[in-house]
Structures are given as C-alpha cells and as structure tokens.
Undergrad: 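What follows is a single structure, and I will ask about it in a moment.
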Amino acid sequence: MSGHYNLEEALLADYDQTWSHNGVSGERIAKRLGELSKIGLTAQHGVSRVGFSPLEQQAKELVMKWMREAGMTVSQDDAGNVVGRIAGLNKDADSIASGSHVDSVPEGGHFDGPLGVIAALEVAESWKEQGITPTKPYEVYIFTDEEGTRLNGGLTGSRAMTGALDMNTQVTLKDADGLTFEEVLATTGKTLDGFSQAKRENLGIERFIEVHIEQGKKLEQANLPVGIVKGIAGPSWTEISFEGKAGHAGNTPMDDRLDALTAASELILYIEKAPLMVSTTGVATVGKMQVEPNGANVIPGKVTLITDIRDIEEHSRDQIVSNVVNKAQEIAHSRNIEVTITEKMRTPPVPIGEEMTGILNGVFDDLNIDKQYLVSGAGHDAMMLGAHIPVAMIFARSKEGVSHNPAEWTTLTDCTISAHVLKQAIENV
C-alpha cells in the first residue's frame, strides 16, 4: 500500500554513482523526488496532487524550503507561481531561468513536473557546493496548475505570468464540485484581483530552459538518456456539449430517442481519425466526459466532453479543430439535438530556435552523449515563455513511454544526467 512505498530507495537501487560529480548529487535528487512523492501518494503508488489544492501548495512549500537552504531568495506571486533566485554578480541583468511544476493529474506519476523543478534546483545546489556565483541572476520557477485538471485549463500559472490568460474566460470555469474559479482561488487564500496582478509587463528573464521527462518512447528506443527538443506542439481544448432528451430506457422506442451519448460517440469515433486527414504529427484525444443523468436505465439527456487537439504546426492544428467543430454541428443537426461549443484553451506551438538548440548541441558533445532530436506533443510551461523569450527543453528518457500513470519511471541515472546537461547549458548561455 501507499505507506510502504519508497521512491528514493527504488531510484537508488540501480543508480550509476559516477554521475554524482561537479557539484551535482544523484543521491540528493533521489531524496527530494522521494520526499515530494509522499505528498498526495496514492494506494497505487502514484500521486494525486492537482492544481489549486492544499497538496500542490504543500509541495511548493517543501521546495521553497530547499530553495532557501540552497541560498536562494524565495517569492510567490498571486497566481501561486514560486520563484527562487540567486542574484548573481550582475544583479540588474535579466535572469537565466529553469523550472517546471509540482501539480499532477489524478493518479499520476512522480516525474512529470517534479524532475524539472528538482533538476533546476540542483544547479543552484551544485554552485553552492563549488563556491560558484553566477554572472547573471539565476531563477528556479514552480508554475501553478500546469496540468489544468481541476478547471479544464492548463498552464495556468505560466499563462497568468506571461499575460496569455484570458480572465474573461477564466472566471467562467468551474471545477467538478461546481466551484467557480474565484471560489477555487479563495480556498487557496487568493483573490481574482490579486491573480490578475501576476501578469508581468517585462518577464525579466533572458532565457528559459526546462527539463522534463519525454513521455514517449523515442529515447528508450535509441537507448539514450536525454534528448533535445526541437519544437513544442500547441494544445487546443474545446468543450462540446450535446443536449438531447432524457427518457426511460425501456419505454422509449429506438426511433423516438434524442440520445446525447450516441451523438457524442459518433463524434469521438470521428476524432480518432481526424488528425490523419490533415497532418502526420497531429493528435486528438477525448479524455474527459460527463454523462447526465448517468443512470443505467435512463437515456442520456446531456453529454459534455473535452477535446484535446495538438500539432507542432499551428495551421494544421487549427484545421483539425475546425473539422471537429464542424462535425459536432453536423451530428447535432442530423440527430435533431442541441450542441454547445466552448473553446477552453488555444496555445500556439513553439519552435526551439537555432541558438538554443546550438547551446544544447555543444553540451551533448562535451558530455559525449549522442544527439536525439525530439518533438514535444505535450504542452509545457516553456511554451508560454517561448512566445516572448528564447527557450529550450531537455527530455529525459521515459520507461516504455508511460506518463500520467503510477508506472511513470525515469531512472535516477537519467535524471542526474539531465541535471548535468541543464547545469552546463546554463553555464554556457
């Protein structure tokens, strides 16, 4: 059961200790990933630590404690974003920054997000051990609610900070308990007015580099510990609600039904094929659906689903979204039911520039690591910053490509190698 699970011990079991050098400690990374894993640990040995929850804040508080111990000054804005800062020799310069998030999907894994935060913090720890003061300020970020599970949004903290969050839309969001965004904020001691103040007119960041697990199989197939991300696909979330008429499952003839679930099912089968009609890199998913009244002997009267559509090219992603919306309207018309379509999020894809890719190329050469270039189908906080400043991403190998699942696994050796790559990249910027 959950109380007997020890992530730290599991990580250390097959660790290559030769990678604990140059101020970077794999043992410290294991300990910290292990400590974070206890916050929201489930009986299945996964983690449930959703955004805007006490558990997310508890995880932030733990990392803030480590930041202070590493000699960083720590602050938290009104969106909940945490910043640990080393002033550097040139205190007035824009910072070089790294980081990720500590929230999770329900029953998620222990590496998606936390690895990026801990690797970024490990750079500061390594400098402390080596007695190094960076020339430019260095900042470690923990962004709020990256996963977007509670309010069907995602990248909330980084969107708030960069001004990409539409507050008119945000205030209409509700969680599964019917709490509005404002009410959800209140449970964390924050307000709408304060949240709006998280937007920065000037980011104060020169470059941002994020470490993240791959969440795919390419590095494992190539037998490589880390890879270089060439671009980040932009996600688009759309809420589609079909409304027919609930009725008795026994007394309503098949030719006299307004079944919202069969309409939704027809759309879902279309969505499965929709990306390949437009693009070889696009993907589309329906991972969340609500059926009302949700009775075994009741014809579904209303079904609400969320589509997640992504591609590395904005024009093809948008074409897929448009096709799905048109299909939903066509299905509703043919079945004589109502459909309501609400866009929840549409984020542009982010290409990684040649300069940042070149910096990582040089680090891989120095560390004698073969280069593998990857595309991120998942959205990340780096993509929000990438609309304003140069960004880069380093992927660490994922066992069998599994993510958002308790079986999510990246070896401690690969975690530590990613920290070395990040450290040298930041020192080379």
Undergrad: Looking only at atom types and distance, does a side-chain atom of Glu243 sit under 3.5 Å from a main-chain N or O of Gly301, one as donor and one as acceptor?
TA: no
Undergrad: Does any non-hydrogen side-chain atom of Val375 lie less than 4.5 Å from one of Val229?
TA: no
Undergrad: Would you say Asn202's side chain and Gly204's backbone share a donor-acceptor pair under 3.5 angstrom?
TA: yes
Undergrad: I want to know whether Tyr5 and His45 have ring centres closer than 6.0 Å.
TA: yes
Undergrad: Output the distance between atom CG (Asn223) and atom CD (Gln372), rounded to the nearest 0.5 Å.
TA: 11.0 Å
Undergrad: May I ask you to decide whether Arg49 forms a salt bridge with Asp103, counting only side-chain N to carboxylate O separations under 4.0 Å?
TA: no
Undergrad: Please test Gln424 against Asp366 for side chain to side chain donor-acceptor pair (under 3.5 Å), starting from the C-alpha separation and ending with a verdict.
TA: CA-CA 9 Å; Gln424 190 161 327; Asp366 290 345; 2.8 Å; yes
Undergrad: Determine whether a donor-acceptor pair (N or O, by modelled atom type, separation under 3.5 Å) exists between the side chain of Glu220 and the backbone of Glu400.
TA: yes
Undergrad: Could you give the distance from CD1 (Ile213) to CZ (Phe395), rounded to the nearest 0.5 Å?
TA: 9.0 Å
Undergrad: Measure the spacing between OG of Ser98 and CD1 of Ile205 and express it to the nearest 0.5 Å.
TA: 10.5 Å
Undergrad: Could you go through Thr416 and His420, starting from their C-alpha distance and side-chain angles, then the distance that decides it, and tell me whether this counts as side chain to side chain donor-acceptor pair (under 3.5 Å)?
TA: CA-CA 6 Å; Thr416 308; His420 278 285; over 6 Å; no
Undergrad: Where is the tightest heavy-atom contact between Leu360 and Ala392, given as atom of each residue plus distance?
TA: CD1-CB, 4.0 Å
Undergrad: Within the distance-only criterion (no hydrogens, no angle test), does the side chain of Ser95 pair as donor or acceptor with the backbone N or O of Ala97 below 3.5 angstrom?
TA: no
Undergrad: Regarding Thr411 and Tyr15, do their side chains bring together a donor and an acceptor under 3.5 Å, going by distance alone?
TA: no
Undergrad: Would you mind reporting whether Asn152 and Leu173 have side-chain heavy atoms less than 4.5 Å apart?
TA: no
Undergrad: Under the 3.5 angstrom rule, does the side chain of Glu343 hit a backbone N or O of Trp237 as a donor-acceptor pair?
TA: no
Undergrad: Would Glu354 and Lys230 pass as an ion pair if we require N to O under 4.0 Å?
TA: no
Undergrad: Given 3.5 Å as the limit, does a donor-acceptor pair link the side chain of Gln76 with the main chain of Asn81, or not?
TA: no
Undergrad: Going through the distances and angles, do Asp311 and Ser279 end up as a side chain to side chain donor-acceptor pair (under 3.5 Å)?
TA: CA-CA 8 Å; Asp311 205 348; Ser279 166; 2.7 Å; yes
Undergrad: Just checking, any donor-acceptor pair under 3.5 angstrom between side chains of Thr18 and Asp16?
TA: yes
Undergrad: Which distance, rounded to the nearest 0.5 Å, do you find between the CZ of Arg32 and the CG of Leu121?
TA: 5.0 Å
Undergrad: Would His212 and Ser100 count as a side-chain contact (heavy atoms from CB on, under 4.5 Å) here? Give the steps.
TA: CA-CA 8 Å; His212 204 280; Ser100 195; 4.0 Å; yes
Undergrad: Any side-chain heavy atom of Ile228 within less than 4.5 Å of one from Ile394?
TA: no
Undergrad: With a 3.5 Å cut-off and no angle check, do the side chains of Asn22 and Gln130 form a donor-acceptor pair?
TA: yes
Undergrad: Using the side-chain contact (heavy atoms from CB on, under 4.5 Å) rule, take Val303 and Val291 through it: C-alpha gap first, then chi angles, then the decisive distance, then the call.
TA: CA-CA 5 Å; Val303 173; Val291 180; 4.2 Å; yes
Undergrad: Can Glu107 and Thr42 be counted as having a side-chain donor-acceptor contact under 3.5 angstrom?
TA: yes
Undergrad: Is any side-chain N of the basic residue among Glu206 and Lys136 closer than 4.0 Å to the acidic one's carboxylate O?
TA: yes
Undergrad: Can a side-chain donor-acceptor contact be found between Thr304 and Ser241 if the only test is distance below 3.5 angstrom?
TA: yes
Undergrad: Apply the test side chain to side chain donor-acceptor pair (under 3.5 Å) to residues Glu408 and Ser403: give CA-CA distance (whole Å), side-chain angles for both, the deciding distance (0.1 Å), then the verdict.
TA: CA-CA 5 Å; Glu408 181 178 278; Ser403 185; 2.7 Å; yes
Undergrad: Can a salt bridge be assigned to the pair Glu355 and Arg207 using a cut-off of 4.0 Å between side-chain N and carboxylate O?
TA: yes
Undergrad: State plainly whether the residues Asp77 and Arg200 are in salt-bridge range, i.e. N to O under 4.0 Å.
TA: no
Undergrad: Roughly how far, to the nearest 0.5 Å, is the CG atom of Leu185 from the CD atom of Glu183?
TA: 10.5 Å
Undergrad: Looking only at atom types and distance, does a side-chain atom of Thr410 sit under 3.5 Å from a main-chain N or O of Arg397, one as donor and one as acceptor?
TA: yes
Undergrad: Dump the intermediate steps for side-chain contact (heavy atoms from CB on, under 4.5 Å) on Asp381 and Tyr141, then the final yes or no.
TA: CA-CA 10 Å; Asp381 292 307; Tyr141 281 78; over 6 Å; no
Undergrad: Inspect the contact between Lys190 and Asp78 and indicate whether a charged nitrogen and a carboxylate oxygen are less than 4.0 angstrom apart.
TA: no
Undergrad: Quick check against the 3.5 Å criterion: does Glu266 have a side-chain atom that pairs as donor or acceptor with the backbone of Thr262?
TA: no
Undergrad: Only one of Glu8, Glu35, Glu129 clears salt bridge (charged side-chain N to carboxylate O under 4.0 Å, His left out) with Arg28; which?
TA: Glu129
Undergrad: Mind checking whether Gln170 and Thr156 have side chains closer than 4.5 Å, heavy atoms only?
TA: yes
Undergrad: Does one side chain, of Gln319 or Glu313, offer a donor that lies under 3.5 Å from an acceptor on the other?
TA: no
Undergrad: Whether the side chain of Arg317 engages the backbone of Ile309 through a donor-acceptor N/O pair (distance < 3.5 Å, no angle test) should be reported.
TA: no
Undergrad: Would you check if Thr188 and Gln57 make a side-chain contact, meaning some heavy-atom pair closer than 4.5 Å?
TA: no
Undergrad: Does atom CE of Met289 have more than 12 heavy-atom neighbours from other groups under 6.0 Å away?
TA: no
Undergrad: State, yes or no, whether a side-chain contact exists between Lys38 and Leu36 at a heavy-atom distance under 4.5 Å.
TA: no
Undergrad: On the 0 to 90° scale, with breaks at 30° and 60°, tag the Phe195-Phe181 ring pair as parallel, tilted or perpendicular.
TA: perpendicular
Undergrad: Would you indicate whether the side-chain heavy atoms of Leu12 and Glu27 approach each other to under 4.5 Å?
TA: yes
Undergrad: Please step through side-chain contact (heavy atoms from CB on, under 4.5 Å) for the pair Ser236 and Arg310, ending with a clear verdict.
TA: CA-CA 6 Å; Ser236 174; Arg310 309 178 186 219; over 6 Å; no
Undergrad: Does a sphere of radius 6.0 Å around NZ in Lys371 hold more than 12 heavy atoms from other residues, nucleotides or ligands, not counting ones at 6.0 Å or beyond?
TA: yes
Undergrad: Which label fits Trp409 and Phe111: parallel for a plane angle under 30°, tilted from 30 to 60°, or perpendicular past 60°?
TA: perpendicular
Undergrad: Report the C-alpha distance between Glu427 and Lys423 in whole Å, list the side-chain angles of each, state the deciding distance to 0.1 Å, and finish with yes or no for salt bridge (Lys or Arg N to Asp or Glu O under 4.0 Å).
TA: CA-CA 6 Å; Glu427 291 174 345; Lys423 171 182 163 68; 2.8 Å; yes
Undergrad: Does NZ in Lys218 sit with more than 12 non-hydrogen atoms of other residues, nucleotides or ligands closer than 6.0 Å?
TA: no
Undergrad: Give, for atom CD1 of Ile209 and atom CD1 of Ile96, the distance between the pair rounded to the nearest 0.5 Å.
TA: 7.5 Å
Undergrad: With heavy-atom distances below 4.5 Å as the criterion, would you say the side chains of Thr144 and Lys60 are in contact?
TA: yes
Undergrad: Any donor and acceptor pair, going by atom type alone, linking the side chain of Ser322 with main-chain N or O of Asp318 inside 3.5 Å?
TA: no
Undergrad: Show me the side-chain donor-acceptor pairs of residues 62-75 shorter than 3.5 Å, one per line, residues at least two apart or across chains.
TA:
residue	atom	partner	partner atom	Å
Lys65	NZ	Glu69	OE2	2.9
Thr73	OG1	Arg85	O	3.4

